[in-house]
Protein chains: 2
Amino acid sequence: MLRISKLTDYGTLILTHMAGHPERVYSAAGLAEALGLGLPTVSKVLKTLGRHALVSSQRGAHGGYVLARPPERITIADVIDALEDQPFGLTECSSSSGVCSIESDCRIRDNWLRINSVVREALQAVDIADMVHPARGSPFATASATEHRLHGPAPQPARAAAACIPAARADDQEI
Amino acid sequence: MLRISKLTDYGTLILTHMAGHPERVYSAAGLAEALGLGLPTVSKVLKTLGRHALVSSQRGAHGGYVLARPPERITIADVIDALEDQPFGLTECSSSSGVCSIESDCRIRDNWLRINSVVREALQAVDIADMVHPARGSPFATASATEHRLHGPAPQPARAAAACIPAARADDQEI
DNA sequence: ACTATACAGTACTGATTTGGTACTTTTAAT
DNA sequence: ATTAAAAGTACCAAATCAGTACTGTATAGT
Ligand code: FES
Ligand code: FES
């Protein structure tokens with residue numbers, strides 16, 4: 001469906017929130033409260049992010065999570081890599097070899113690989129620090145393949161579908 | 001999971017195959033045979049593509065499907081729009097408004113919209129004619145190829161996952 | 001007209017994936 | 001020792017996919 005999973009969306013939400021104070025230690029419970037998500041869910045996401053070294057964790061009494069690197073160094077592609085369990089790619093036979101029987105003489109596979117890399121570059125061009133701001137200048141423009149010629153200030157009618165907060169409240173910032 | 005559905009992948013496969021002889025009428029059965037897919041499945045995909053005016057159909061005895069426009073005018077984004085039933089976009093609350101409770105003061109939504117449009121442009125830059133060739137020069141770099149903005153109303157069909165041919169055979173070209 | 005062919009539409013079902021939750025264990029501070 | 005908080009494992013319910021079957025409709029050829 002060309003959508004990221006809800007968990008991944010939560011991940012960006014959480015990381016973006018944390019990027020407000022990059023040095024600070026956030027507890028899972030605090031984040032859940034601040035973002036209006038369930039604690040178990042937030043916990044799950046954070047654990048996974050920790051496993052992929054996007055956040056580092058501190059156990060015990062005053063423990064919690066901190067961004068493992070400055071928010072400018074965490075891209076959307078990183079978050080997707082961490083939270084989606086299939087390898088990156090729009091089609092299955094383009095993300096792993098040996099899956100498809102006609103792989104050898106498939107003429108479209110090669111093109112899918114290329115499309116994949118274009119999309120990936122687009123996602124790599126956006127980092128968590130960018131997400132904190134309400135879409136300023138043009139953090140994305142650089143996506144190499146697709147030049148943003150012809151779309152100036154006008155907001156694109158792009159649609160999307162993935163995950164948002166159902167009955168969430170973003171009291172925001174501090175927990 | 002950031003994957004297109006198998007059905008969508010089949011769609012590109014079918015359309016690419018048809019692009020070999022853009023004028024020719026292909027029967028669903030012939031395509032199924034040529035691509036090593038099940039007839040019901042191919043049929044389903046073609047029906048949907050027909051509904052979205054990517055192919056036109058001729059019923060009756062010598063009927064079949066023909067590309068509704070030259071392959072250069074059919075982009076990957078078109079195929080996705082036709083075969084995926086959720087509206088295009090990586091996250092749900094960036095797709096339709098009113099879905100998310102914190103939409104008004106959500107700072108990341110705006111960015112998702114932007115990411116969506118970058119990804120979409122990438123997908124719009126590749127057309128079926130490009131797919132016929134084994135990835136030549138740089139069909140993508142120049143979004144110029146097919147630059148028509150979004151078209152009509154929203155699509156409908158589709159699923160998500162990934163897809164390749166499990167035990168397929170691409171006898172290829174002619175049916 | 002009759003018949004064979006081929007698309008159109010609808011609906012169903014099994015399988016897979018996802019999202020969320022619960023429970024148990026480990027670590028650290030007080 | 002007690003408490004706070006993360007880590008790990010496992011599980012279940014719901015949604016989504018993918019494929020198939022069945023019925024209807026239009027066209028070509030005889
Ligand atoms: S490699 Fe699987 S369809 Fe081309
Ligand atoms: S609009 Fe739903 S999370 Fe931002």
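Every chain is numbered from 1, with letters handed out A, B, ... down the list of sequences.
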>> Within the 4.0 Å heavy-atom criterion, would you say B:Gly64 contacts the bases, only the backbone, or no part of the nucleic acid?
In response: sugar-phosphate
> With a non-hydrogen cut-off below 4.0 angstrom, is A:Ala29 in contact with a base, only sugar-phosphate, or nothing?
Replying inline: nothing
> How long is the span from the CE atom in B:Met18 to the OG1 atom in B:Thr16, to the nearest 0.5 Å?
Replying inline: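 Output value for this atom pair is 10.5 Å.
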Using a cut-off of strictly less than 4.0 Å, decide whether [X] has a side-chain nitrogen or oxygen near OP1 or OP2 of [N].
X	N	answer
B:Ser43	C:dC7	no
A:Thr41	C:dT21	yes
A:Ser57	D:dA7	yes
B:Tyr65	C:dA6	no
B:Tyr10	D:dG19	yes

Distance in angstrom units between [X] [atom1] and [N] [atom2], rounded:
X	N	atom1	atom2	result
B:Gln58	D:dG29	CD	P	11 Å
B:His62	C:dC7	NE2	C1'	14 Å
B:Leu37	D:dA18	CG	C1'	12 Å
A:Ile14	C:dG19	CD1	P	13 Å
B:Leu39	D:dG19	CG	P	13 Å
A:Ile4	C:dT18	CD1	C1'	14 Å
B:Leu54	C:dC7	CG	P	17 Å
A:Leu35	C:dG20	CG	C1'	17 Å

>> Would A:Tyr26 and A:His21 count as a ring-ring contact (aromatic ring centres under 6.0 Å, His included) here? Give the steps.
In response: CA-CA 9 Å; A:Tyr26 292 87; A:His21 299 264; 7.0 Å; no
Under a 3.5 Å distance rule, please check whether [X] uses its side chain to pair with a backbone N or O of [Y] as donor and acceptor.
X	Y	value
B:Thr48	B:Lys44	yes
A:Arg3	B:Gly89	no
B:Ser94	B:Leu90	no

> Of the nucleotides C:dA28, C:dG19, C:dC7, which one has an atom closest to the side chain of B:Ala28?
Replying inline: C:dC7
>> So if I apply the side chain to side chain contact (heavy atoms under 4.5 Å, CB included) rule between A:Leu31 and each of A:Val45, A:Leu46, A:Leu39, A:Leu13, which one comes out positive?
In response: A:Leu46
Could you pull out the protein-nucleic contacts involving nucleotides 14-17 of chain C (nitrogen or oxygen on both sides, under 3.5 Å)?
none

> Can you name the side-chain hydrogen bond (donor to acceptor under 3.5 Å, both in side chains) partners of B:Thr12, sequence neighbours left out?
Replying inline: B:Asp9
For residues 70-84 of chain A, which side-chain N or O atoms pair as donor and acceptor with protein atoms under 3.5 Å away, sequence neighbours left out?
{"from": "A:Thr75", "atom 1": "OG1", "to": "A:Ala77", "atom 2": "N", "distance (Å)": "3.3"}
{"from": "A:Thr75", "atom 1": "OG1", "to": "A:Asp78", "atom 2": "N", "distance (Å)": "3.1"}
{"from": "A:Thr75", "atom 1": "OG1", "to": "A:Asp78", "atom 2": "OD2", "distance (Å)": "3.2"}
{"from": "A:Asp78", "atom 1": "OD2", "to": "A:Thr75", "atom 2": "N", "distance (Å)": "2.9"}
{"from": "A:Asp81", "atom 1": "OD1", "to": "A:Arg120", "atom 2": "NH2", "distance (Å)": "2.7"}
{"from": "A:Asp81", "atom 1": "OD2", "to": "A:Arg120", "atom 2": "NH2", "distance (Å)": "2.4"}
{"from": "A:Glu84", "atom 1": "OE1", "to": "B:Met1", "atom 2": "N", "distance (Å)": "3.1"}
{"from": "A:Glu84", "atom 1": "OE2", "to": "A:Ser5", "atom 2": "N", "distance (Å)": "2.9"}
{"from": "A:Glu84", "atom 1": "OE2", "to": "A:Ser5", "atom 2": "OG", "distance (Å)": "3.2"}
{"from": "A:Glu84", "atom 1": "OE2", "to": "A:Thr8", "atom 2": "OG1", "distance (Å)": "2.5"}

> Hey, quick one: are A:Phe88 and A:Ile4 part of the same hydrophobic cluster, counting side-chain heavy atoms closer than 4.5 Å, chains of contacts allowed?
Replying inline: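 Cluster IDs for A:Phe88 and A:Ile4 match.
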>> Is there a continuous path of hydrophobic side-chain contacts, each under 4.5 Å between heavy atoms, that joins A:Leu7 to A:Tyr65?
In response: yes
Can you give me the N/O atom pairs linking the protein to nucleotides 9-12 of chain C at distances under 3.5 Å, or say none if there are none?
{"from": "C:dG9", "atom 1": "N7", "to": "B:Lys47", "atom 2": "NZ", "distance (Å)": "2.8"}
{"from": "C:dG9", "atom 1": "O6", "to": "B:Lys47", "atom 2": "NZ", "distance (Å)": "3.3"}

> What pairs with A:Ala61 under side-chain contact (heavy atoms from CB on, under 4.5 Å), at least two apart in sequence or on another chain?
Replying inline: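 Result, side-chain contact (heavy atoms from CB on, under 4.5 Å) vs A:Ala61: none returned.
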> Would you say the side chains of B:Arg109 and B:Thr91 form a donor-acceptor pair under 3.5 Å?
Replying inline: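 No, no side-chain donor-acceptor pair sits under 3.5 Å.
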At a cut-off of 3.5 Å, list every protein nitrogen or oxygen paired with a nitrogen or oxygen from nucleotides 1-3 of chain C, distance to 0.1 Å.
none

